[in-house]
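Down below is the structure, laid out as C-alpha cells.
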Amino acid sequence: MKRQIFVAMSLAASFCASASLGFGQSRVCDPHTYGAKADGVTKDTHAIQAAIDHCAQKAGGIVKLSAGTFVSGPIVLKSAVTLEIDKGATLLGSSDHADYRPKVEFRQPAVEPLVIATDASHVSIVGGGVIDGAGESWWKMARGVKDAGVMGNHPRPRLVVFDHCTHVRVEGVTLQNSAFWQLVPYYSDDIVIRNIRVLAPANSPNTDAVDPFSSSNITIDHLYADVGDDDIAIKSGAINSPGGDLLSKNIHITDSTFLHGHGLSVGSEIAGGMQNLVAERIHFNGTANGIRVKANRDRGNDVGHLVFRDIDMKDVKTPILISEYYPKALPEGDVAPAPVTHLTPFFHDISIENLRAEGSEVAGVIFGLPESRVERVVLKNVSIQATKGLTIGYAEVSGENVSIQPQSGKPIASLAGAKVSIK
C-alpha cells in the first residue's frame, strides 16, 4: 500500500513538473535542476541553457526563473519555449566581456547578444521580472570611440534579439541597461510586444528601446521607454547597403509613454524601406524628438503610409522631424540635386493628426532632398508651442486646423522646394 501511494505521488509530481503541452498547459524546466544558483555571483549560463535545451527537446515548455539574480552569458532560446522571469527575479548579463563571442549579426561584425532566438517559432519572454544587460562597462568604452553607434563599429552586445523568428511574444518584463540596442526583432514576423518597460540612463549611448528591423506584422502596446537613444527605431538596412534588404511593414504602436530618449523614429538605417505604420495614443515627456522620420542619401529607400494620431508632448525639443539629411535636421546652405540610387530616401504619405505639444524648442522640420521631395504630408488638428517655428523645404505639406505658436519668428518658414497649403 505504501509503495502504491509513493508511486502515485511520484507520478503526480512528475506531471506537475512536466505537464502536457495541450489545453494551455506547459512543461516547466527549472534551471535549478541543472545547477543554477541565482545568487548574483555564480554564472548560471550553462544551467539556464540546459533547461532551455531540455524543454526544446521535449517539444517546448516554460523555462522559469524564480526569485534571485541569475548571472549569465549569452543564451539561445528555442522554438516553443517561453522564458518566464518572475517578479523578484533578474537575468543579469555577465560583466565579463570575454563571455560575448564575436559573430556576424545583421550582416555586420558584432558580438553575441545576451538573449537570442534564431529561426525559431512560437517563442516568448514573459513575466514580471528583469533582464539587465549590465551595460555600464561597455558604455564607458563606447563614449571614447567615434561613430560607436554605427553597426559594425565597436561591437557591443544587444540585449534581446529575435533573428528570423515567427510568432514572438514579449510581455510584462522589464528590459534595462543593454550595452547596445535592447529589443530587436530582425527579419521576423508576427510579433507582440506588450506591457513592457525598457530603461537605461539618459547618457547611455545607443540604448534604443525597441528596434524592429526588416520585420512585419508587429504590435507594440503599452511600452514604457526611458532610455539613452531612440524609444522606438524602425529599421531595415545598414548604411551603404548593397541592396537586398527586406522592408519593415505593418507596425501598430499604441498607448505608450516615452520619457528620456530620441523619440519615435523611422530610420535612420532604412535601406529596405518601411510601409504601413500606425502610432496612436502616445505620450512624450522630455524626449529629444517626438515623431522622427530620418535617413540620408547613403541609407534610404521608399518610406510611406505612416499615420501618427492622438499624440501629446511636453518639453519635447522637436515635436516633428522629417528629414533626409540625417544626422543633421537641415541642410547647410544650398543643396545640389544628386543622382537617384537604390539608397535615395523617398518619404511620402505621412499623416499627423490630433497632436498637442508645449514647451518645445523648435516646432518642427520637414525637409526633403532636391532629387527626392517629401510628398503628401498632412497635418490635422496640430497645436505646437515652441521657441521657433516649423521649417519646410523640398516638401509638400498640407494641413487643417494647424496652430504653430513660436516665441519669435514666423510660425512656418517655407524654403526652397516647399509647397505648403496649411489652414
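Nothing here was measured: the structure is a model prediction, and the numbers come from that model.
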Open item on the list: Pair Asn153, Asp147 - check side chain to side chain donor-acceptor pair (under 3.5 Å), show working.
Closed with: CA-CA 7 Å; Asn153 291 354; Asp147 294 329; 5.0 Å; no
Open item on the list: Can you confirm whether Lys43 is buried at NZ, in the sense that more than 12 heavy atoms of other residues, nucleotides or ligands lie under 6.0 Å from that atom?
Closed with: yes
Open item on the list: Can a side-chain donor-acceptor contact be found between Asp189 and Ser216 if the only test is distance below 3.5 angstrom?
Closed with: yes
- [ ] Run through Glu105, Glu112, Gln182 and flag the one making a side chain to side chain contact (heavy atoms under 4.5 Å, CB included) with Arg158.
- [x] Glu105
- [ ] Go through Val130 and Thr69 one step at a time and tell me if the side chain to side chain contact (heavy atoms under 4.5 Å, CB included) criterion holds.
- [x] CA-CA 9 Å; Val130 175; Thr69 298; over 6 Å; no
- [ ] Check Leu369, Val303, Asn296, Ile270 against Pro345 for a side chain to side chain contact (heavy atoms under 4.5 Å, CB included) and give me the one that passes.
- [x] Leu369
TODO: Please report the C-alpha distance between Asp255 and His283 in whole Å, then the side-chain angles of each, then the deciding distance to 0.1 Å, and finally whether the side chain to side chain donor-acceptor pair (under 3.5 Å) criterion is met.
DONE: CA-CA 8 Å; Asp255 299 291; His283 310 280; 6.0 Å; no
Task: Side-chain donor-acceptor contact under 3.5 Å, Asp132 with Gln176 - done: yes
Open item on the list: Strictly distance-based, threshold 3.5 Å: is any side-chain N or O of Ser236 a donor or acceptor partner for the main-chain N or O of Gly272?
Closed with: yes
Open item on the list: Does Lys87, at its NZ atom, have more than 12 non-hydrogen atoms belonging to other residues, nucleotides or ligands within less than 6.0 Å?
Closed with: no
TODO: Could you tell me whether the side chain of Leu277 reaches within less than 4.5 Å of the side chain of Val266, counting heavy atoms only?
DONE: yes
Open item on the list: Counting only heavy atoms from other residues, nucleotides and ligands, does the tally under 6.0 Å from CG of Asn203 exceed 12?
Closed with: yes
TODO: Tell me yes or no: between the side chains of Asp53 and Gln49, is some donor less than 3.5 Å from an acceptor?
DONE: yes
Open item on the list: Let me confirm one number: the CZ-OG1 distance from Arg292 to Thr318, rounded to the nearest 0.5 Å.
Closed with: 8.5 Å
Open item on the list: Would the distance check show the side chain of Ser323 and the main-chain N or O of Ala329 forming a donor-acceptor pair, the cut-off being under 3.5 Å?
Closed with: yes
TODO: Take Lys294 and Glu324, measure what salt bridge (Lys or Arg N to Asp or Glu O under 4.0 Å) needs, and give me the verdict at the end.
DONE: CA-CA 6 Å; Lys294 51 179 179 171; Glu324 296 176 345; over 6 Å; no
Task: Exam field: side chain Asp44 to backbone Ala38, donor-acceptor pair closer than 3.5 Å - done: yes
TODO: Evaluate the criterion side chain to side chain contact (heavy atoms under 4.5 Å, CB included) for residue pair Thr42 and Val71; output intermediate values, then yes/no.
DONE: CA-CA 6 Å; Thr42 306; Val71 177; over 6 Å; no
TODO: Measure the spacing between CD1 of Ile85 and OG1 of Thr174 and express it to the nearest 0.5 Å.
DONE: 9.5 Å
TODO: Indicate yes or no for a side-chain donor-acceptor contact from Ser188 to the backbone of Cys165 under 3.5 Å, with no hydrogens or angles considered.
DONE: yes
- [ ] Look at Glu269 together with Arg299 and state whether they make a salt bridge at an N to O cut-off of under 4.0 Å.
- [x] no
Open item on the list: Please evaluate residues Arg356 and Asp312 with respect to the criterion salt bridge (Lys or Arg N to Asp or Glu O under 4.0 Å), reporting the C-alpha separation (whole Å), side-chain torsions for both, the decisive distance (0.1 Å), and the verdict.
Closed with: CA-CA 5 Å; Arg356 299 290 180 270; Asp312 66 83; over 6 Å; no
TODO: Could you tell me whether the side chain of Ser241 and the main chain of Ile239 form a donor-acceptor pair under 3.5 Å?
DONE: no
TODO: Report yes or no: is the cationic atom of Arg156 (NZ for Lys, CZ for Arg) under 6.0 Å from the centre of the six-membered ring of Trp138, at an angle within 45° of the ring normal?
DONE: no
- [ ] Decide, yes or no, whether a salt bridge links Arg376 with Asp349 under the criterion of side-chain N to carboxylate O below 4.0 Å.
- [x] yes
Open item on the list: Would the distance check show the side chain of Asp208 and the main-chain N or O of Val210 forming a donor-acceptor pair, the cut-off being under 3.5 Å?
Closed with: no
TODO: Begin with the C-alpha distance, continue with both residues' side-chain angles, and end with the deciding distance and a verdict on side chain to side chain contact (heavy atoms under 4.5 Å, CB included) for Phe106 and Ser214.
DONE: CA-CA 10 Å; Phe106 307 173; Ser214 295; over 6 Å; no
- [ ] Carefully, step by step, assess Lys64 and Asp30 under the rule salt bridge (Lys or Arg N to Asp or Glu O under 4.0 Å).
- [x] CA-CA 6 Å; Lys64 190 177 183 66; Asp30 186 350; over 6 Å; no
Open item on the list: For the NZ atom on Lys78, are there more than 12 heavy atoms of other groups (residues, nucleotides or ligands in this structure) within a distance under 6.0 Å?
Closed with: yes
TODO: Give a yes or no on whether the backbone of Val362 and the side-chain of Ser360 come within a donor-acceptor separation of less than 3.5 Å.
DONE: no
TODO: Take Asn289 and His262 through the side chain to side chain donor-acceptor pair (under 3.5 Å) test and state the conclusion after the steps.
DONE: CA-CA 5 Å; Asn289 306 284; His262 294 178; 5.4 Å; no
TODO: Output the distance between atom OG (Ser215) and atom CG (Asn250), rounded to the nearest 0.5 Å.
DONE: 11.5 Å
Open item on the list: The test is side chain to side chain donor-acceptor pair (under 3.5 Å); show your working for Glu280 and His252 and say whether it passes.
Closed with: CA-CA 8 Å; Glu280 53 190 344; His252 193 191; 2.7 Å; yes
Open item on the list: Suppose the criterion is ring pair (Phe, Tyr, Trp, His ring centres under 6.0 Å): which pairs have a residue in residues 36-77, not counting sequence neighbours?
Closed with: His32-Phe70
- [ ] Would you check, one step at a time, whether the test salt bridge (Lys or Arg N to Asp or Glu O under 4.0 Å) holds for Arg107 with Asp245?
- [x] CA-CA 11 Å; Arg107 304 181 187 179; Asp245 303 287; 3.4 Å; yes
Task: Spacing of CG belonging to Leu259 relative to CG belonging to Asp226, to within rounding of 0.5 Å - done: 4.5 Å
Open item on the list: Could you check whether Phe162 and Tyr186 have their ring centres less than 6.0 Å apart?
Closed with: no
Task: Residues in side chain to side chain donor-acceptor pair (under 3.5 Å) contact with Ser248, at least two apart in sequence or another chain - done: none
Task: Residue pair Thr82, Val63: steps toward the side chain to side chain contact (heavy atoms under 4.5 Å, CB included) verdict - done: CA-CA 6 Å; Thr82 294; Val63 174; over 6 Å; no
Task: Rounded distance (nearest 0.5 Å) linking atom CG of Leu306 with atom CD1 of Ile350 - done: 5.0 Å
Task: Beyond-backbone contact of Thr391 with Leu330, side-chain heavy atoms, under 4.5 angstrom - done: yes
Task: Tyr187 (side chain) donor-acceptor with Leu246 (main chain) under 3.5 angstrom - done: yes
Task: CG on Leu223 to CD1 on Ile253, rounded to 0.5 Å - done: 8.5 Å
Task: Heavy-atom donor-acceptor pair, Thr287 side chain to Phe284 backbone, under 3.5 Å - done: no
Taking only distance into account, with no hydrogens and no angle test, what donor-acceptor pairs under 3.5 Å do side-chain atoms of residues 190-200 form with protein atoms, sequence neighbours excluded?
unit_1, atom_1, unit_2, atom_2, d
Asp190, OD2, His167, ND1, 2.5
Arg194, NE, Asp221, OD2, 3.2

- [ ] Scan side-chain atoms only and decide if His164 and Thr118 contain a donor-acceptor pair under the 3.5 Å cut-off.
- [x] no
Task: Backbone of Thr207 reached by a side-chain donor or acceptor of Trp139 within 3.5 Å - done: no
TODO: Answer with yes or no whether the side chains of Asn354 and Asp310 bring together a donor and an acceptor at under 3.5 Å.
DONE: yes
